[in-house]
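Residue numbering restarts at 1 for every chain, and letters A, B, ... go by the order of the sequence lines.
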2 protein chains.
Amino acid sequence: MRDIDIAEVAELSGVRASTLRFYEEKGLIASHGRRGLRRLFDPGVLDRLALIALGRASGFSLDEIARMFAPDGKPRIDRKMLAAKADDLDRTIRRLNAMRDGLRHAAVCPAPSHMECPTFRRLLRVAAAGKIGEPKKARTSRRKNA
Amino acid sequence: MRDIDIAEVAELSGVRASTLRFYEEKGLIASHGRRGLRRLFDPGVLDRLALIALGRASGFSLDEIARMFAPDGKPRIDRKMLAAKADDLDRTIRRLNAMRDGLRHAAVCPAPSHMECPTFRRLLRVAAAGKIGEPKKARTSRRKNA
DNA sequence: CCTTGACCTCAAGTTCACTTGAACTGGCAA
DNA sequence: TTGCCAGTTCAAGTGAACTTGAGGTCAAGG
C-alpha cells in the first residue's frame with residue numbers, strides 16, 4: 001500500500017475529508033501527489049494526524065501546531081514549549097479535579113438549594129478563583145460520520 | 001449596599017460590562033431595574049456569575065447553563081446532569097494526565113526525533129484513541145482589563 | 001462511448017462567546 | 001443650565017475550526 005486517497009485517510013484517521021483539505025490548506029498536512037484531481041497521501045500522514053490530534057488535545061491551536069513542524073516538514077518540536085504546555089495542563093488538571101469533586105458533591109448533596117451548601121459554595125470560590133475566563137470546552141464528541 | 005451598577009459588578013466579578021449585557025440578553029443574569037438608562041443589579045448577581053463561571057469551567061455551554069436555572073430564576077440544577085458532567089470531567093482528566101506525562105517526557109526525551117521515541121509514540125496512541133475531536137481549548141487567560 | 005459518482009475548488013456559512021463601533025441618553029457636578 | 005461621560009442600544013465584526021453548497025472534473029465501470 002503506497003499512496004492512499006483522501007477517503008481512506010478519512011476512514012483510517014476518523015478525520016473528515018473536508019477537514020483534511022482544510023488542514024492541507026493550513027499547511028498541517030501535505031498530499032503527495034494527485035491521480036487526476038484526487039489527492040494522494042503518504043501513509044505517514046496518519047502519524048501526522050495523530051500528532052495534530054495530540055496537539056489539539058493538549059490545547060495547542062492549529063497555528064501553533066503548524067509552527068511546530070516548521071516549514072520544512074519533520075516535527076522539530078520546541079522542548080521548552082512542551083514543558084510549558086505540560087505545566088499548563090497540570091494547572092488545568094488541578095482545577096478540573098476540584099470541579100469534578102464539587103460537581104460530584106452537588107449531585108448528591110441534600111441541601112435544599114446548592115447555594116446553601118458550604119461545599120458547593122467552596123466550589124464556587126474555586127471556579128471564581130480560576131480567573132473565570134478559561135472554558136476548557138469539554139465538547140464531547142461532535143462526530144457524525146463513523 | 002442595595003443595588004449595584006454594571007461597572008461595579010464588572011469590577012467585583014471581573015466580568016466585562018459588555019459580557020454582562022450579553023449575559024443579560026441571553027437570560028443568564030437579570031438586572032433588577034434602572035436608574036435612567038443604567039442597569040441596576042442585585043448583589044446576588046455575583047453568586048450567579050460565580051455559578052456561570054463554574055458551569056463554563058466545567059464544560060457547560062452558556063445555553064446549557066441558561067437551561068440550568070430555569071425560566072423562573074433559582075438554580076434548579078439537575079443532579080443527574082451534574083453527575084454525568086463529573087464523569088465527563090473524570091475522563092477528560094485522565095486523558096489530560098496522559099497528555100501531560102507524554103509532553104513532559106517529550107520535553108526531555110533524548111531521541112533525535114520524537115517519532116522514534118517509544119514513549120512519544122505511546123502518547124500518540126493515547127491522543128488518537130481519545131477519539132481525536134475533543135479539543136479542551138486551554139485558552140489561557142484572554143482577559144485584558146484588570 | 002457515456003454515465004456515474006467520488007473528489008475537486010472556492011466562497012460563503014456556522015457556532016460559540018464575546019467585543020467593537022456608531023450613535024444616542026440622561027443623571028449629576030460645576 | 002450646561003456639558004460631561006459612563007452608560008445605553010443595535011448591528012456588525014472577530015477568531016477558531018470547520019462545514020456546506022454550487023458548480024466542475026475525470027478515472028473507471030458497464
If the helix axis at each end comes from five base pairs, how far does the helix from C:dC1-D:dG30 to C:dA30-D:dT1 deviate from straight, to 10°?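 Overall, the helix from C:dC1-D:dG30 to C:dA30-D:dT1 bends by 20° from one end axis to the other.
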
Strictly below 4.0 Å: does [X] bring a side-chain N or O up to OP1 or OP2 of [N]?
X     : N      : result
A:R16 : D:dT20 : yes
B:R39 : D:dG7  : no
B:T19 : C:dT19 : yes
A:Y23 : D:dC18 : yes

Whole angstrom value for the distance that separates [atom2] of [N] from [atom1] of [X]:
X     : N      : atom1 : atom2 : answer
B:D3  : D:dG7  : CG    : P     : 15 Å
A:F41 : C:dA6  : CZ    : C1'   : 14 Å
B:E25 : D:dC10 : CD    : P     : 8 Å
A:R56 : D:dA17 : CZ    : C1'   : 7 Å
B:K26 : C:dT15 : NZ    : P     : 11 Å
A:L62 : D:dT19 : CG    : P     : 11 Å
A:L20 : C:dC7  : CG    : C1'   : 13 Å
A:I52 : D:dA16 : CD1   : C1'   : 15 Å

Side-chain contact check for B:D5: nearest option of D:dG7, D:dT19, C:dT9 is D:dG7

Nearest to the side chain of A:R21 - D:dT9, C:dC7, D:dT19?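 Ranking D:dT9, C:dC7, D:dT19 by closest atom to the A:R21 side chain puts C:dC7 first.
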
First encountered from the 5' end of DNA chain C, between A:A7 and B:F22: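 With B:F22 and A:A7 compared, the 5'-side residue is A:A7.
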
Residues at least two apart in sequence or cross-chain that pass side-chain contact (heavy atoms from CB on, under 4.5 Å) with A:R38, listed by chain then number, are none

Taking side-chain contact (heavy atoms from CB on, under 4.5 Å) as the definition, give me every residue that meets it alongside B:F120, ordered by chain and number, with sequence neighbours left out.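 By the side-chain contact (heavy atoms from CB on, under 4.5 Å) rule, B:F120 matches A:L51, A:L54, A:I77, B:A106, B:H114, B:M115, B:C117, B:L123, B:L124.
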
A:R79 side chain to B:C109 main-chain N or O, any donor-acceptor pair under 3.5 Å? yes

Results of salt bridge (charged side-chain N to carboxylate O under 4.0 Å, His left out) for [X] - residues two or more places apart only:
X     : value
B:D5  : none
A:R94 : none
A:R34 : none
B:R35 : none

What is the minimum heavy-atom distance between B:K85 and B:S58, and which atoms define it?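 Result for this residue pair: CE-O, 3.5 Å.
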
Grab the two heavy atoms, one from A:A83 and one from B:R104, that are nearest each other, plus how far apart they are.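 In this case the closest contact between A:A83 and B:R104 is O-NH1, 4.1 Å.
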
Please name all residues satisfying side chain to side chain donor-acceptor pair (under 3.5 Å) with B:R121, sequence neighbours left out, ordered by chain then number. none

So which protein nitrogen or oxygen atoms get under 3.5 Å of nucleotides 21-29 of chain C's nitrogens or oxygens?
none

